[in-house]
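Each remark here refers to the structure printed beneath this line.
We name chains A, B, ... by the order of the sequence lines, and we start the count at 1 in each one.
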Number of protein chains: 2
Amino acid sequence: MANPAADAHEPATARGHRTRQKVLDAAEVVFGTRGYEAASIVDITRAAGIAQGTFYLYFPSKKAVFAELVGELGAKLRRTLAAAVADLDDRLTVERAGLHAFLGFVREHRNLYRIIRQAEFVDEALYRDYYSKLAEGYRVGLARAMTEGQIRKLDPEAVAFALMGIFDFLGMRWVLWEGKLPPQHVLDDVFALVRDGLGLQSSTFNARASNAPKRSR
Amino acid sequence: MANPAADAHEPATARGHRTRQKVLDAAEVVFGTRGYEAASIVDITRAAGIAQGTFYLYFPSKKAVFAELVGELGAKLRRTLAAAVADLDDRLTVERAGLHAFLGFVREHRNLYRIIRQAEFVDEALYRDYYSKLAEGYRVGLARAMTEGQIRKLDPEAVAFALMGIFDFLGMRWVLWEGKLPPQHVLDDVFALVRDGLGLQSSTFNARASNAPKRSR
DNA sequence: ATGAAACATGAATCGCTCGTCATGTTGCAC
DNA sequence: GTGCAACATGACGAGCGATTCATGTTTCAT
């Protein structure tokens, strides 16, 4: 258990590496389209163009490939997001860039994204780990911005999960359901909500608040 | 297909109704804890205290019970939320009450809530239907509040999904992961984010921001 | 070039699940 | 109380999927 890859037989030759990668690539497609439980090892090996037994040369079980895919996805997403906001100073700019990078990532990795959503029922620990790591990075960034007075002081973990929830549902509704990024006005409106929810003040509000609230019904 | 309950053999006696209900209750527990795919018909019938064959007297398949549970859950949640906000005029008050009612519902129906999250991989149509119906009710309420000038004008569907995302992740992080409602300061901070994200004006920002949030760490 | 280790194969095993069915048992209308 | 429809049972067949293994092939360090 010390070495996370200990269970998965590491290839010793170039051919081995190639085959192992074929399995991972095939598993990503098969799990993403059929779902974890519905996917069989045969589905994966057939998609990879190898024999069933070969699978077990590189992975001890179906769950092991799945776990590796989830781990890879998490790392890749965190890298992508970190790179997307690396040079940005202002937190609200970071949020906008992060939202955009996240949705682009989901669009480019729909299978992987569906895999994460299944992890909850395949291996709870894996799933919590994915979100916990993501949230932790997010929390640290938010906390710093709060300290620096860029955004209002709120519980940073609560804000991290709230924002992840927004992103996740946008990804589901537009990217997964419609296969494309949300229309620009949706992105603008959601960002407006985030900006003014997080902002210290609302100088950017349009001051047309003359419309006095009326009672409904 | 015309009658949604056509597939499920309707009981003709009181005993039949009781047995059918035993199956539904058991299925809720088994699906919620083991997960849909991992759950077998035997698991369900054993939990219900009936014979395997009896299951097929009332449901044509595993998926059929699952679908019925999802439908029931959706209806029950929508009823709960509608009741919780029925007498409220102000939209921000509605949002706060809705958040509270939703989290309470999740806490009281953890199994059902986990079932919804699996629906995505069991029957995509079922799953979209659940969220679409929920979002549609939400959208209408938001659109009216926007028309009445209670909250700012944004794309109501985008806002509905964003807010559902927030609620969903709070439910996941605190209710599902920790088994209890989020601490008060988390609710306060999230609501502050929603209020100022949706609010018409920010004149209240500084005043409110200084009293509500207590430092969490 | 060679031989040992690594890799690949796919048929076979084992365990499990779905769904059926022949055989009882119970509820209820009369 | 009788009889029939509804309900309940649990063993069984058919099938499938994860994993193993005996056998063959390829790679590569020497």
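- Between A:Tyr56 and D:dC21 there is no side-chain polar atom (N or O) within less than 4.0 angstrom of OP1 or OP2.
- Taking the nucleotide of DNA chain D with the nearest heavy atom to each of B:Gln52 and A:Lys62, the more 5' of the two is matched to B:Gln52.
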Intermediate values then yes/no, salt bridge (Lys or Arg N to Asp or Glu O under 4.0 Å), B:Lys133 and B:Glu136: CA-CA 5 Å; B:Lys133 276 188 180 146; B:Glu136 178 57 16; over 6 Å; no
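- The residue A:Ala39 sits close only to the backbone: its heavy atoms come under 4.0 Å of sugar-phosphate atoms, none of a base.
- Aromatic rings from A:Tyr113 and A:His109 are positioned such that their centres are separated by 6.0 Å or more.
- For A:Ala12, the listed nucleotide lying nearest its side chain is C:dC7; candidates were C:dC7, C:dA8, D:dT19.
- Geometric assessment of A:Arg173 against the ring of B:Phe161 yields a positive cation-pi assignment under the 6.0 Å and 45° thresholds.
- Side-chain proximity of A:Tyr58 to the nucleotides C:dT9, C:dC7, C:dC18 is greatest for C:dC7.
- For B:Ser61, the listed nucleotide lying nearest its side chain is C:dG19; candidates were C:dG19, D:dC7, C:dC7.
- Comparing C:dT9, D:dA6, C:dC7 by their nearest atom to the side chain of A:Thr19 picks out C:dC7.
- Between B:Thr13 and C:dG27 there is no side-chain polar atom (N or O) within less than 4.0 angstrom of OP1 or OP2.
- Two residues, B:Gly53 and A:Arg18, neighbour DNA chain D, and the one matched to the more 5' nucleotide by heavy-atom proximity is B:Gly53.
- A:Ser40 has no side-chain polar atom (N or O) that falls below the 4.0 Å cut-off from OP1 or OP2 of D:dC16.
- Place B:Thr54 and A:Gly16 on DNA chain C by their nearest nucleotides, and A:Gly16 ends up nearer the 5' end.
- For the pair B:Glu68 and B:Lys63, the salt-bridge criterion is not met [side-chain N within less than 4.0 Å of a carboxylate O].
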